[in-house]
Amino acid sequence: MSLHPYSQILQNWYHIYKRDLPWRDVSDPYLIWISEIILQQTRVAQGMDYYLRFVTRFPNVLSLAKAEEQEVLKYWQGLGYYSRARNLHKAARQIAENYGGQFPHVHTDILKLSGIGIYTAAAIASFAYGQPYAVVDGNVYRVLSRVFGIDSPIDSPRGQKEFAALAAELLDSENAGTHNQAIMEFGALQCVPVNPDCGICPLKDNCVALKTASVDKLPVKERKTKIKARYFNYLFIKHENQTYLQKRESQDIWKNLYEFPLIESDRLFTVDQLIEQDEFKTLFPDTTALKISSIYYDFKHILTHRHIFARFFMIETDKTNSHYKKFGKTLIDNMDHLPISRLTELFLEKIFTR
DNA sequence: AAGTCGGGGAA
DNA sequence: TTCCCAGACTT
């Protein structure tokens with residue numbers, strides 16, 4: 001019943017400048033869901049190919065529910081935040097089980113699904129069903145904090161409540177989907193994080209931040225990610241053109257992805273240090289059957305909150321033994337179907353393309 | 001409330 | 001380097 005003037009401006013802008021994206025102007029909640037999960041903390045340019053390949057292989061809820069998690073992770077390989085893929089798969093099975101494979105229409109039901117939080121539930125409900133829920137993502141925080149000059153930290157519960165209330169107040173309830181798309185697209189294209197072109201902004205006469213020269217100070221974030229270093233000593237064991245792999249199963253980075261046997265420590269080892277490690281001795285009690293190359297491959301893998309220093313040792317052995325049989329044995333050429341981290345992928349690319 | 005989870009692109 | 005991206009979950 002009430003259309004806020006700012007929403008009108010944003011929607012007018014949107015109709016002119018919106019990008020043509022494959023998940024836009026579709027009403028299938030499944031497709032919208034997949035796109036929303038892929039785009040969490042991920043740029044459109046990075047997620048585009050993943051989206052197209054994913055929905056080609058898994059075109060609907062049931063095809064995803066029927067798949068093995070391993071294959072779903074393989075389709076996610078390289079995209080990061082793999083809990084998204086695990087939860088996506090889990091939620092597909094929840095939908096198959098609890099809703100007969102039909103994506104739920106009720107907001108509270110959508111919110112219960114694994115991997116769907118406040119933002120994604122609002123996005124699906126408004127895009128697919130036109131329900132009046134306001135989205136608040138990184139774009140919305142930026143637009144609202146600047147236009148209204150709000151310096152409450154966006155990563156504090158207090159700030160999040162404040163922005164959520166404001167977003168709900170501005171929402172065009174009759175056109176919730178378009179309104180939500182408009183404000184996010186506006187944040188992504190016009191009200192960008194660094195050096196926005198405020199001279200051509202349709203809200204330049206209404207923007208508090210522009211008026212007070214604080215565009216570059218908003219939004220406010222109070223937490224800074226602390227970067228920690230980790231040291232991975234990988235064992236690339238070769239035995240008759242086969243190697244050994246393990247699945248990372250603990251609550252840690254790359255959960256349920258495969259990798260070479262690993263000794264994590266507070267440093268990278270030399271070959272001499274490596275063979276003195278208890279874990280290594282347990283694996284190879286008899287070092288006479290081993291050929292450990294003095295050449296190894298070092299990588300510095302940079303993540304948002306981690307610097308991972310990785311060293312891959314090349315170990316050749318003539319005979320197998322019972323100690324490292326606990327690892328899955330696989331033909332090196334057959335690793336292709338297993339989901340692996342970007343780091344392991346880069347190592348494999350390096351040794352097979354030289 | 002704080003910590004954790006990936007990877008890449010832009011400035 | 002630093003920041004941030006259509007965030008969610010665990011502790």
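Heavy-atom basis, side chains included; hydrogens, waters and symmetry copies ignored. Note on naming: letters A, B, ... go to the chains in the order of the sequence lines (proteins, then strands), and numbering restarts at 1 for each one.
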Cut-off 3.5 Å, no hydrogens considered: what does the side-chain donor-acceptor table look like for residues 147-167 of chain A, sequence neighbours left out?
{"from": "A/Ser152", "atom 1": "OG", "to": "A/Glu162", "atom 2": "OE1", "distance (Å)": "2.6"}
{"from": "A/Asp155", "atom 1": "OD1", "to": "A/Glu222", "atom 2": "N", "distance (Å)": "3.0"}
{"from": "A/Asp155", "atom 1": "OD2", "to": "A/Glu222", "atom 2": "N", "distance (Å)": "3.2"}
{"from": "A/Asp155", "atom 1": "OD2", "to": "A/Arg223", "atom 2": "N", "distance (Å)": "2.8"}
{"from": "A/Ser156", "atom 1": "OG", "to": "A/Pro153", "atom 2": "O", "distance (Å)": "3.0"}
{"from": "A/Ser156", "atom 1": "OG", "to": "A/Gly159", "atom 2": "N", "distance (Å)": "3.1"}
{"from": "A/Gln160", "atom 1": "NE2", "to": "A/Ile154", "atom 2": "O", "distance (Å)": "3.1"}

Please tell me whether A/Tyr6 and A/His4 form a close aromatic pair, meaning their ring centres lie under 6.0 Å apart.
yes

Please confirm whether the ring centroid of A/Phe312 lies under 6.0 Å from the ring centroid of A/Phe236.
no

Contact class for A/Ser156 vs. all strands (heavy atom < 4.0 Å): base, sugar-phosphate, or nothing?
nothing

State whether the distance check finds a donor on one side and an acceptor on the other, under 3.5 Å, for side chain A/Arg342 versus base B/dG8.
no

State whether the distance check finds a donor on one side and an acceptor on the other, under 3.5 Å, for side chain A/Thr304 versus base B/dG7.
yes

Excluding sequence neighbours, so at least two apart, what forms ring-ring contact (aromatic ring centres under 6.0 Å, His included) with A/His105?
A/Tyr129

Can you tell me which nucleotide in C/dG7, B/dG3, B/dG7 comes closest to the side chain of A/Arg223?
B/dG3

Given B/dA1, C/dA6, B/dG7, identify the nucleotide with an atom nearest to the side chain of A/Gln181.
C/dA6

Out of the candidates A/Val136, A/Ile183, A/Leu218, only one should pair with A/Leu144 under the side-chain contact (heavy atoms from CB on, under 4.5 Å) rule; please name it.
A/Ile183

Below 3.5 Å between N/O atoms, which protein atoms pair up with nucleotides 9-11 of chain B? Just atom names and distances, please.
none

Which residue lies toward the 5' end of DNA chain B, A/Ser83 or A/Arg158, if each is placed at its nearest nucleotide?
A/Arg158

Relative to the 5' end of DNA chain B, which residue comes earlier, A/Asp155 or A/Ile340, by the nucleotide with the nearest heavy atom?
A/Asp155

Give a yes/no answer on whether the side chain of [X] brings an N or O atom under 4.0 Å of OP1 or OP2 in [N].
{"X": "A/His305", "N": "B/dG6", "result": "no"}
{"X": "A/His301", "N": "B/dG6", "result": "no"}
{"X": "A/Trp254", "N": "B/dG7", "result": "yes"}
{"X": "A/Thr42", "N": "B/dG7", "result": "no"}
{"X": "A/Arg84", "N": "C/dG7", "result": "no"}
{"X": "A/Lys228", "N": "B/dT4", "result": "yes"}

Side-chain (A/Asn180) to main-chain (A/Leu171) donor-acceptor, under 3.5 angstrom
no

Using a strict heavy-atom distance below 4.0 Å, which residues from residues 128-148 of chain A are in contact with DNA chain B?
none

Ring pair (Phe, Tyr, Trp, His ring centres under 6.0 Å) pairs, two or more places apart, involving residues 84-104 of chain A:
A/Trp33-A/Phe103

Quick one: do A/Glu71 and A/Lys74 make a salt bridge, cutoff under 4.0 Å?
no

Per the salt bridge (Lys or Arg N to Asp or Glu O under 4.0 Å) rule, which among A/Lys247, A/Arg230, A/Arg306 passes with A/Asp252?
A/Arg230

A/Arg53 to A/Tyr50, cation-pi by 6.0 Å centre distance and 45° axis angle:
yes

Which pairs, protein N/O on one side and nucleotides 9-11 of chain C N/O on the other, fall under 3.5 Å?
{"from": "C/dC9", "atom 1": "OP1", "to": "A/Gly115", "atom 2": "N", "distance (Å)": "2.5"}

